[in-house]
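Input: a single structure, listed below in structure tokens.
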Amino acid sequence: MKRLVPYLILGLLAVGCFSLATVLQARAYGWSRRAQADNILKVLLGDGRRLFANHFFIQADVSFHSGYYPSIFDQARAAQGSRHLTAEEGDPAHEEHEKSMDFLGPPRDWIERFGRHFMVTDHTHLHGDNESEILPWLKISAELDPQKVETYTVAAYWLRKLNKAPEAEEFLREGLRNNPNSHEILFELGRLSAEYHHDPARARKMWELGLRKWADQEAAGQKPDLFHLDQLAVHLARLEEKEGNLVRAIELLQLAIKATPHPEALQRQIEELEQRRAAHAPGASPPAR
Amino acid sequence: MEPIIETRNLRVEFRAQNSGSEKKVAVKDLNLRICGGEVFGFLGPNGAGKTTTMNVLLGFVNATRGSACLFGVDVREPIARQRIGYLPELTYYYKFLTAEELLRFYARIFGLPRAVADQRIEQLLKLVELDTARRRLIKTYSKGMQQRVGLAQALINNPDLLILDEPTSGLDPLGRMKVREIIQRLKNEGKTVFFSSHELGEVETVCDRVAIINQGELKVEGRVADLVKEHQANLERIFLNIIGYQPESDA
Amino acid sequence: MNTIFALANVVIKELYRRKDFYVLFVLTAVLTLLLGSVSFFQDIKVVRYVKEIALLLIWISALVIAIATTARQLPAEREHRTIFPLLAKPVTRGQVILGKFVGCWLACGLALVVFYLFFGVVSGSREHSWPVLNWLQAFWLQWSMLGIVVALVLLGSIVFTAPSSNATICFILVLGILLLGRHLNQVALQQPEPLRSVVYGLYFFIPHLEWYDVRDLIIYDHQLIGWGDCALASLYAGIYAALLLFGAWLLFRRKPLHL
């Protein structure tokens, strides 16, 4: 009997653990949602993972520049943003970026001069097949911080460029699930519907919803995102114009004119549309010049 | 006859720990002269200065004053250590090596040619009875085996002088007897052995001459038989008298 | 020279008989292969992130191996008292320092060879190109840098008694130099005098380990570095390592051997 006592204690402790686990399991769900997370990064890092998300987003930018990138010390001279990641040549954001990336300047001493032989010193951008190299970093960044909307829109831009529209849509939908009020993601989804699915009705739905979300955010007192307002309104206006809804198109361009940095061009377009509307109106006379 | 070990007015001073600039004299003007073929016992209580003297002889510590020579060469010259073997107390040899690899490493340091080293390693492993465990990592050895591998490394260069610091400490009676046998064998081969020990019976059996040191000062030196005759007492009694210990039964 | 290589041989044996190297290699390999097997948007051509992660892990592992292996050398000799039978032989303290340096440096080199072979296989099999010369340059420069690190840690192991404190301080120092060393001149210019001169002095004095980090050049398939520049960087590493070793010898030759 004496020899059995340790085994008996072991058995009792095991039964105790099992019984407590059945009781506590149900309650523990309410204590912390971390353990129930489906994402391993969330389980491991909790909300602290967001701290790393920005690092990986920047890593995508570093990759885009093939390793030529300013450090925090150089950044004092070169203001960085992510807009250049999706800017086409000739775009003002692109020009501005070209200027800001000239951060190296002439070497100050022999150590710096010599050190430049061992680092990337040319400002280049990825092209061709290599453009897909930035995608893993964006995916990791999104995994770490699903609320960082920029990650989804930049990734969608590149996926579209690489003819991966289904992947772009899937990623954007994932982004929308995590950020249901994001007008930026709705705008990108609308572009996919219009340009790849050739489904203007769905695109209109997305952009209209995007405009409503934008208005909600502005009403909530957030800093207005004029860039996306411009984009949403102009794209929707083009769609309406194609569909023949010139009145709505004019309304949208008038909305865009408040947000665009180039109102003159839009004003000319509004005037053109006004003329076309007048020409198409029943019993209309030619517009006076 | 040219002495193998010679110290002249050897003095070693240390800055005592936690006592500012105060100096502690570890060895006071020590004069020793040990000739070839002798087994010399260096005795003294803990902290008497035995290990410090050995450290000077091996070049680990510099003397404050006086001189020390091995084979007539100043101990500060590395060449003075070419013909000596040293067995330190309580050493844990590289546990990631086997006994054979350890001996090969020391043989390489002495620049022994490969064939000579192979032969020497073979002989020594047999001598210290480790030939069956030669390919086992030292970390798996018992304390006695580690002490025996230490003895083997001390003999790798077939030294003319062997310096042993407490060679039997921590060994069981059988291990102690084996070490004594090896010392006896080396003596028969005409080697000089200089060793410190607390085992006075052992010293009495093995040594030709002894020196007793206390508080850094040489108290007695001479042939064991002469000392016993002179003091009309055995070596243990002489030792206890010198260090000023009175057994309760005498008091 | 025989003594130095005998000592070096023991250090190399220690490296491959301990588990540190294997653990780090397996960790590097598993993480790289795991991340490499992830499909990002069904694109199989993506490779640079794998190279980036593999090289980062190789750099961390190499630094850990170099610092941990070197930091324990002299303290272990003193703690286990093997320094006594060693110095009782015709070996000078200078030879001990040099032997330990050569051993640790060669051990790091062997470990790096294994890591770079792995990197080459992973990168080459995905990219279908084998820029062996670029890899060789990266390997050589990293190994040269590890020479400075090993010498620095050896010096540290004489100054600091505990290997753990030495390893921690050296690791922070090396990481600090790798991350900030290049920018110290910029920092100096933003400081008022006399701090500016002090920081600028520091900038010239520190070993510029960041030169040897050419990961970006091989990740993004840039051109080879000029061989002359490589040779100059190797010379700088050699002189800096010699300076640190000389300092280590100056301290060690009078150092009591007992802990």
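Just so it is clear: chains get the letters A, B, ... in the order the sequence lines come, proteins before strands, and each one is counted from 1.
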- Task: Counting only heavy atoms closer than 4.5 Å, note whether B:E77 contacts chain C via side chain, backbone, both or neither.
- Result: neither
- Query: C:R18 versus chain B, heavy atoms under 4.5 Å apart: side chain, backbone, both or neither?
  - Reply: neither
- Message: Tell me whether the count of non-hydrogen atoms from other residues, nucleotides or ligands lying under 6.0 Å of CZ in C:R253 goes above 12.
- Response: yes
- Message: For C:T82 versus B:Y106, what's the shortest heavy-atom pair and its separation?
- Response: O-OH, 4.4 Å
- Closest approach of B:L97 to C:R17 (non-hydrogen atoms, all atoms of both residues): CA-NH1, 3.9 Å
- Is the side chain of B:R81 donor-acceptor paired with the backbone N or O of C:P90 at a distance under 3.5 Å, no angle test? no
- Item | Which portion of B:I163 sits near chain C, non-hydrogen atoms under 4.5 angstrom | neither
- With a cut-off of 6.0 Å (strictly less than), are more than 12 heavy atoms of other residues, nucleotides or ligands near CZ of C:F246? no
- For the ring pair B:F60 and C:F84, is the centre-to-centre distance below 6.0 Å? yes
- Under 4.5 Å from any heavy atom of chain C - which part of B:N62: side chain
- Message: Distance check, rounded to the nearest 0.5 Å: C:K13 atom NZ versus B:F105 atom CZ?
- Response: 10.0 Å
- More than 12 heavy atoms of other residues, nucleotides or ligands under 6.0 Å from CD of B:E89: is that the case? yes
- Item | Distance, nearest 0.5 Å, that separates CG of B:N157 from NZ of C:K89 | 7.0 Å
- Residues, nucleotides or ligands: over 12 heavy atoms within 6.0 Å of B:R134 CZ: yes
- From CG (C:L86) to OH (B:Y86), nearest 0.5 Å: 12.0 Å
- Item | Residue C:Q95 versus chain B: region with a heavy atom under 4.5 Å | neither
- Note on the structure: dist B:R108:CZ -> C:L7:CG (nearest 0.5 Å) comes out at 9.5 Å
- Which atom names give the shortest non-hydrogen contact between C:A88 and B:L58, and what distance separates them? CB-CD2, 3.8 Å
- Note on the structure: Of the listed B:E101, B:R83, B:Q153, the one with the largest count of heavy-atom pairs under 4.5 Å with chain C is B:E101
- Message: I'd like to know whether CZ of B:R76 has more than 12 heavy-atom contacts from other residues, nucleotides or ligands below 6.0 angstrom.
- Response: no
- Task: Determine whether B:Y93 and C:P85 make a side-chain contact, defined as any pair of heavy atoms from C-beta on separated by less than 4.5 Å.
- Result: yes
- Note on the structure: Closest heavy-atom pair, B:G111 versus C:N2, reported as atoms and distance to 0.1 Å, is CA-ND2, 3.8 Å
- Message: Can you tell me how far apart OH (B:Y92) and CZ (C:R81) are? Round to the nearest 0.5 Å.
- Response: 8.5 Å
- Note on the structure: What one should report as the nearest heavy-atom pair of B:F96 and C:V10 is CE1-O, 3.5 Å
